[in-house]
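In what follows, a single structure is set out as structure tokens and then discussed.
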There are 2 protein chains.
Amino acid sequence: MSDVARIAGVSVSTVSRALSGASGVSAATRAEIKRIAGELVYTISPDASRLATGQTRRVAVVVRDTETWFYYAILGAIEPVLRSAGYDVLFYRVSSEAERDAFFDELPARRNVDAVILVAVPLSNEQVERLGDMAVPIVIAGSWIDHYTSIHIDETRAARQAMNHLIQLGHRRIARIGITDPEGDPWQPDAGRDAGYRAALEASGIDFDPQLNVRMEFSLDGGARAMDQLLSLDEPPTAVFAFSDEVAIGAMRSLRRVGLHVPGDVSIVGVDDHPMAELSDLTTVRQPVREMGTHAARLVIDTLGGNTVEGNVELSTQLVVRGSTASPRGLQWRS
Amino acid sequence: MSDVARIAGVSVSTVSRALSGASGVSAATRAEIKRIAGELVYTISPDASRLATGQTRRVAVVVRDTETWFYYAILGAIEPVLRSAGYDVLFYRVSSEAERDAFFDELPARRNVDAVILVAVPLSNEQVERLGDMAVPIVIAGSWIDHYTSIHIDETRAARQAMNHLIQLGHRRIARIGITDPEGDPWQPDAGRDAGYRAALEASGIDFDPQLNVRMEFSLDGGARAMDQLLSLDEPPTAVFAFSDEVAIGAMRSLRRVGLHVPGDVSIVGVDDHPMAELSDLTTVRQPVREMGTHAARLVIDTLGGNTVEGNVELSTQLVVRGSTASPRGLQWRS
DNA sequence: CTGTTAGCGCCTTCAC
DNA sequence: GTGAAGGCGCTAACAG
């Protein structure tokens with residue numbers, strides 16, 4: 001910077017002001033300084049200005065994994081919003097329990113970012129307590145924690161939308177494929193959908209059968225294995241409510257393998273509205289993932305801008321009926 | 001840090017040494033200092049130490065998009081390697097031409113990271129020239145640029161593996177679904193596969209038909225639309241070599257929609273070995289994406305560690321035959 | 001509008 | 001093994 005100042009014949013303060021866009025510099029000087037800086041391919045040292053201002057201009061985005069649609073879709077929505085507001089995105093992935101432990105043990109984000117976005121990361125109670133030690137604003141996307149700003153869907157309602165659709169079609173023996181919670185701590189999205197599943201059954205006077213409520217790893221394979229397990233029951237389900245479209249598609253594969261048809265033999269509903277859902281003709285409960293991401297990013301920006309921010313945003317979901325659901329064999333559609 | 005020093009009754013230099021793991025501190029003092037730091041939930045200010053050392057301990061990972069398997073899979077592989085080596089991952093997504101222009105115009109990574117990993121980002125010639133201005137080591141993953149360290153597959157060979165499989169099955173009328181290059185500049189992965197496609201045809205004495213060589217947007221939809229286009233030809237292909245599994249799955253959807261069967265009516269081969277490929281029973285050319293990611297990360301770490309590094313790593317691909325390919329109707333398998 | 005003067009919080013010689 | 005002093009490159013008052 002001193003080079004630029006010398007060549008321009010001004011002080012470094014002026015250069016700093018000119019380049020940072022601060023007011024108090026004549027247009028002419030600013031232009032000249034910018035020209036020279038451009039010629040020298042000079043860029044302000046972010047770290048030095050961070051040290052001086054105390055602002056990192058960085059936001060941490062913490063995701064549970066990268067291979068599940070929900071996470072990469074939301075990451076893709078968050079990044080441009082943050083970037084256009086001048087924030088760098090620091091990317092953290094905490095897939096395993098061990099990685100989460102390490103993350104909360106070392107707090108690599110501490111003093112390293114201005115804010116943190118936690119994207120549906122399953123947290124133990126101790127980890128929730130550690131959140132406070134980060135000493136920066138925290139926004140939760142895709143799940144929620146008391147006393148923290150969050151944006152998410154009504155999981156229970158989403159589950160009911162799916163379930164009511166199946167029940168209305170005449171299904172009585174409806175399974176749910178959920179997600180294993182990593183360490184026994186309840187993970188809200190799954191817990192919420194579980195609650196919705198049970199509530200819908202109860203509202204229709206259908207007995208809850210624990211054998212039909214299975215949990216598996218969050219992946220295509222998990223869905224396939226869960227379906228295998230359900231098919232091995234004495235009385236298999238006629239319909240399945242899957243945690244996500246990926247899980248649902250995995251389940252469909254298992255059905256195809258044993259020669260069962262969707263929806264002829266088994267109906268399936270997912271959640272997400274994954275791009276693949278349309279191609280697989282999968283009925284699903286659409287959740288506004290991109291909107292969740294951009295909104296979360298805006299919440300962060302607003303908070304850092306000194307504005308107060310709504311504490312708990314709930315986005316609505318929508319049933320998308322496609323070809324993977326129908327009335328069970330021998331039953332008529334009872335509209 | 002001065003707090004810790006005061007409480008511990010030592011100087012800040014000692015605290016710095018103790019916490020940074022530098023030698024020259026007695027084990028006892030170090031332990032005591034660490035204890036106190038832990039108690040105070042004190043963390044070294046990364047920016048201050050960056051300023052002092054001149055190292056950012058950050059690496060930029062630049063991807064073309066987040067919704068394509070190749071990119072998020074490789075990102076998932078890169079992150080843990082970098083993190084365990086003590087580097088933060090700065091995430092940049094440059095989907096559109098405009099974003100790429102902005103990225104190379106502002107060089108947000110300049111002076112902001114110790115190294116850059118470019119993941120198969122399509123670059124214009126001017127942008128390639130700008131790379132030098134970043135003034136940090138650059139590693140290319142999934143494509144290559146002269147004079148830069150890169151890791152990638154032999155795209156031409158991958159295409160030939162797919163094509164030879166189809167040709168051996170007896171197909172003569174084989175289409176290729178490629179990817180549109182954003183600004184007319186050749187994008188190596190597509191160009192390489194195009195070359196392999198043509199070479200394989202020529203080697204078998206099959207005439208190249210430009211109508212069969214289409215390019216579309218890189219997505220499920222792109223694949224579907226490309227297939228629609230191919231089906232509208234007077235003489236549609238009996239086999240398709242798709243740029244990726246996602247493109248291939250999109251194409252399969254189009255076929256299903258018009259009642260055509262895979263592989264009965266049309267055979268399809270993809271590239272990647274996407275998790276969905278197995279579920280879709282899709283024949284594909286597997287590329288080692290995770291390995292590419294971890295290797296790219298290691299190349300960065302080695303380079304920053306002061307080691308010289310191989311300039312151009314080529315990983316091999318492997319044909320995975322599944323159920324989406326068969327001999328064309330009326331022809332026998334000629335093994 | 002512009003220059004001067006202090007730090008921001010840490011690391012790094014250099015002495016002791 | 002430990003402390004003191006200087007500086008990394010920038011920003012933020014405060015003068016002028």
Side-chain angles (χ1 to χ4, degrees), chain A residues 1-37 40-58 86 88 107-114 135-136 304 306, chain B residues 1-37 40-58 86 88 106-114 135-136 304:
Chain A
M1 179 174 253
S2 55
D3 289 346
V4 179
R6 190 162 13 80
I7 297 179
V10 295
S11 72
V12 287
S13 335
T14 305
V15 176
S16 170
R17 283 188 277 252
L19 261 31
S20 71
S23 63
V25 194
S26 72
T29 341
R30 187 188 300 263
E32 174 64 2
I33 289 174
K34 285 199 169 172
R35 198 188 55 70
I36 295 175
L40 268 51
V41 196
Y42 167 81
T43 315
I44 281 185
S45 157
D47 290 316
S49 70
R50 278 158 193 156
L51 183 56
T53 60
Q55 302 224 321
T56 68
R57 304 296 305 177
R58 253 174 269 138
D88 279 330
L107 292 184
R110 175 141 223 276
R111 296 238 262 162
N112 204 4
V113 294
D114 293 336
V136 291
L304 293 179
Chain B
M1 182 173 252
S2 54
D3 289 346
V4 179
R6 190 162 13 81
I7 296 180
V10 295
S11 71
V12 287
S13 333
T14 305
V15 176
S16 170
R17 283 189 274 253
L19 261 30
S20 72
S23 62
V25 196
S26 73
T29 347
R30 186 188 300 263
E32 175 63 2
I33 289 174
K34 285 199 168 171
R35 197 186 57 70
I36 295 175
L40 268 50
V41 195
Y42 168 81
T43 316
I44 280 185
S45 158
D47 290 316
S49 68
R50 279 157 192 156
L51 221 212
T53 59
Q55 302 225 322
T56 69
R57 305 292 311 175
R58 255 175 267 136
D88 279 330
E106 301 160 14
L107 292 185
R110 174 142 223 275
R111 294 240 263 163
N112 205 4
V113 294
D114 294 335
V136 292
L304 293 179

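Every chain is numbered from 1, with letters handed out A, B, ... down the list of sequences. Fair warning: this is a prediction, and the values are worked out from it, not measured in the lab.
Counting non-hydrogen atoms under 4.0 angstrom, A:Ser2 reaches nothing in the nucleic acid. Among the atoms of the strands shown, base atoms are found under 4.0 Å from some heavy atom of A:Gly24.
Straight-line distance from the CZ atom of A:Arg17 to the P atom of C:dT4: 11 Å, rounded to whole Å. As rounded to whole Å, 13 Å separates atom P of C:dG9 from atom CD1 of B:Ile44. Rounded to whole Å, atom P of C:dC10 lies 13 Å from atom CD1 of B:Ile33. As a whole-Å value, the separation of A:Arg6 CZ from C:dG3 C1' is 17 Å. Atom pair A:Met1:CE and C:dG3:P shows a separation of 13 Å (rounding to whole Å applied). When the P atom of C:dG7 is taken as reference, atom CG of B:Leu51 falls 17 Å away, rounded to whole Å.
Residue-to-nucleotide proximity on DNA chain D shows that, of B:Val10 and B:Ala52, the 5′-proximal contact is made by B:Val10. Checking A:Arg50 against B:Arg30, the closest nucleotide of DNA chain D that is more toward the 5' end is the one next to B:Arg30.
Close to C:dC10, at under 4.0 Å from its OP1 or OP2, lies a side-chain N or O of B:Tyr42. For B:Thr53, no side-chain nitrogen or oxygen approaches OP1 or OP2 of C:dT12 to under 4.0 Å.
Closest approach of A:Val25 and A:Ala18 over heavy atoms only: CG2-N, 3.9 Å.
With no hydrogens or angles considered, no side-chain donor-acceptor pair links A:Ser16 and A:Ser13 at under 3.5 Å.
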Evaluate the criterion side chain to side chain contact (heavy atoms under 4.5 Å, CB included) for residue pair B:Thr43 and A:Leu107; output intermediate values, then yes/no.
CA-CA 9 Å; B:Thr43 316; A:Leu107 292 184; 5.6 Å; no
Quick one: do B:Arg58 and B:Asp114 satisfy side chain to side chain contact (heavy atoms under 4.5 Å, CB included)? Show the steps, please.
CA-CA 6 Å; B:Arg58 255 175 267 136; B:Asp114 294 335; 5.7 Å; no
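Side-chain atoms of B:Asn112 and B:Thr56, non-hydrogen and from C-beta on, never get closer than 4.5 Å to each other.
Side-chain proximity of A:Ser26 to the nucleotides C:dG9, C:dT2, C:dC11 is greatest for C:dT2. Here the side chain of A:Ser13 is nearest to one of C:dC10, C:dG9, C:dT5, namely C:dT5.
Read 5' to 3', the first and last nucleotides of DNA chain D with an atom closer than 4.0 Å to a heavy atom of chain B are D:dG1 to D:dC10.
Taking A:Arg6 as the reference, A:Asp3 meet the side-chain hydrogen bond (donor to acceptor under 3.5 Å, both in side chains) condition, with sequence neighbours excluded.
Checked by atom type and distance alone, the side chain of A:Asp47 never pairs as donor or acceptor with a backbone atom of B:Leu51 at under 3.5 Å.
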